[in-house]
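Naming convention: chains lettered A, B, ... in sequence-line order (proteins, then strands); numbering from 1 in each chain.
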Number of protein chains: 2
Amino acid sequence: MSQAPPFQLQDFLPYLLNQAAETSGQEFQSYYKARYGMLRTEWRVLFHLGRYGDMTATDICSRAKVHKTKVSRAVSALEARRFLKRETRSNDRRHEALSLTPAGEAAFADLTTEAQRYNATLLSDFSDEEFAVVRRFLLHVARLDCKDSQT
Amino acid sequence: MSQAPPFQLQDFLPYLLNQAAETSGQEFQSYYKARYGMLRTEWRVLFHLGRYGDMTATDICSRAKVHKTKVSRAVSALEARRFLKRETRSNDRRHEALSLTPAGEAAFADLTTEAQRYNATLLSDFSDEEFAVVRRFLLHVARLDCKDSQT
DNA sequence: GGCTATTAGTTGCTTTTGTAACTATCAACA
DNA sequence: TGTTGATAGTTACAAAAGCAACTAATAGCC
């Protein structure tokens, strides 16, 4: 009745992925939480605007696969801290073009530096080839492995 | 002023890990949610007891790195649905030995089969060697890569 | 123009999580 | 014994996330 190799928890990918995401997320959170009092979604919105240019809340939703209420609240919080500003588009007044303020740009630059540094520490024991495998796997599982990688 | 290669979101591991964990977690959740109305922590407690034998709530906390309030609530929920039973240990009445009921064992067996099947689909495009790299990486990031792998 | 359907974004309510304080039990040691 | 400190587990309260209803603006079509 026993299955061939008893199923180990450390072989179950949703569990492994969750543990790894939790640990790394917590560790990196310490940066943006301590320095800017940001929440995860706020950091994510900041990064999207800083890295990929001005866009609307809905754009961020579809790119980051985050629900719009979370984005809405993150945008409000970042606006209250003067990290971004909104501008209603004249041609369609439903859209709000979001853009970073100088303070937002500064925070983005600072945190991006940290992100790259932190990323490097996670990969220190792995070769470029190994990272490529890991990256491909993660993109596959997250269903992000479209041929046309987003600009 | 621009950093050598502009930092891509798809290279940032906490982000990638979170997306992959979210997607796979959601997908697998559909099984235990639909069939047994379980929450993630409840499934995790069930799996620990089914796979690793009877233990106390604190044992599960340290093994699964879950906070004790979450485990406490999951245990209560599983007990209410008659998936597990508690037994206060006579030698130390603070400890509660948790064990699955027959219904709990059945759910565990069913879900474990699904887990293995789902796991296989995630890995269908990857070789054993590639999986080994991914697994090693995830254990490393999650700080679970102790030499003495848990029994 | 005016009716209907769609889209962007917000708000209120519920569920879940996180934090800290609490009870109960036991161990150690004066 | 009895006092202090630690441990197992629960509960109460606060923060965050999820869901559904809502407003405002626009597009399509008659």
Rounded to whole Å, please give me the gap between [atom1] in [X] and [atom2] in [N].
| X | N | atom1 | atom2 | answer |
| --- | --- | --- | --- | --- |
| B:Arg40 | C:dT17 | CZ | P | 9 Å |
| B:His67 | D:dA8 | NE2 | C1' | 13 Å |
| B:Met38 | C:dT16 | CE | P | 15 Å |
| B:Glu87 | D:dG9 | CD | P | 14 Å |
| A:Glu22 | C:dG18 | CD | P | 7 Å |
| B:Leu39 | C:dT14 | CG | C1' | 14 Å |
| B:Arg73 | D:dT10 | CZ | P | 11 Å |
| B:Gln26 | C:dT16 | CD | C1' | 14 Å |

Is a side-chain N or O of A:Lys33 found less than 3.5 angstrom from the main chain of A:Arg40, in a donor-acceptor match?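 No, because the side chain of A:Lys33 does not come within donor-acceptor range (under 3.5 Å) of the backbone of A:Arg40.
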Select base, sugar-phosphate, or nothing to describe what A:Arg89 touches, counting heavy atoms under 4.0 Å on all strands.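 No contact.
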Report which part of the nucleic acid A:Thr69 touches: base, sugar-phosphate, or nothing (heavy-atom distance under 4.0 Å, all strands).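 Base contact.
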Closer than 4.0 angstrom, basic N to acidic O: yes or no for [X] and [Y]?
| X | Y | answer |
| --- | --- | --- |
| A:Glu79 | A:Lys85 | no |
| A:Glu114 | A:Arg35 | yes |
| A:Glu130 | A:Arg135 | no |

Nearest heavy atom decides the nucleotide; on that basis, is A:Val71 or A:Lys33 closer to the 5' end of DNA chain C?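 In this pair, the answer is A:Val71.
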Please determine, for the side chain of [X], which listed nucleotide ([options]) has the closest atom?
| X | options | answer |
| --- | --- | --- |
| B:His95 | D:dT10, D:dA16, D:dA8 | D:dA8 |
| A:Asp92 | D:dT26, D:dT11, D:dC19 | D:dT26 |
| B:Lys70 | D:dC19, C:dT17, D:dG9 | C:dT17 |

Quick one: is [N] close enough that its OP1 or OP2 comes under 4.0 Å of any side-chain N or O from [X]?
| X | N | value |
| --- | --- | --- |
| A:Thr56 | C:dA8 | no |
| B:Arg93 | C:dT25 | yes |
| B:Thr58 | D:dG9 | yes |

Closer to the 5' end of DNA chain D via nearest nucleotide, is it A:Lys68 or A:Arg94?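 On the 5' side of the pair lies A:Lys68.
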Could you tell me if A:Arg63 sits above the aromatic ring of A:Tyr52, with its cationic atom closer than 6.0 Å to the ring centre and no more than 45 degrees from the axis?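 The answer is yes, since A:Arg63 meets both limits relative to A:Tyr52.
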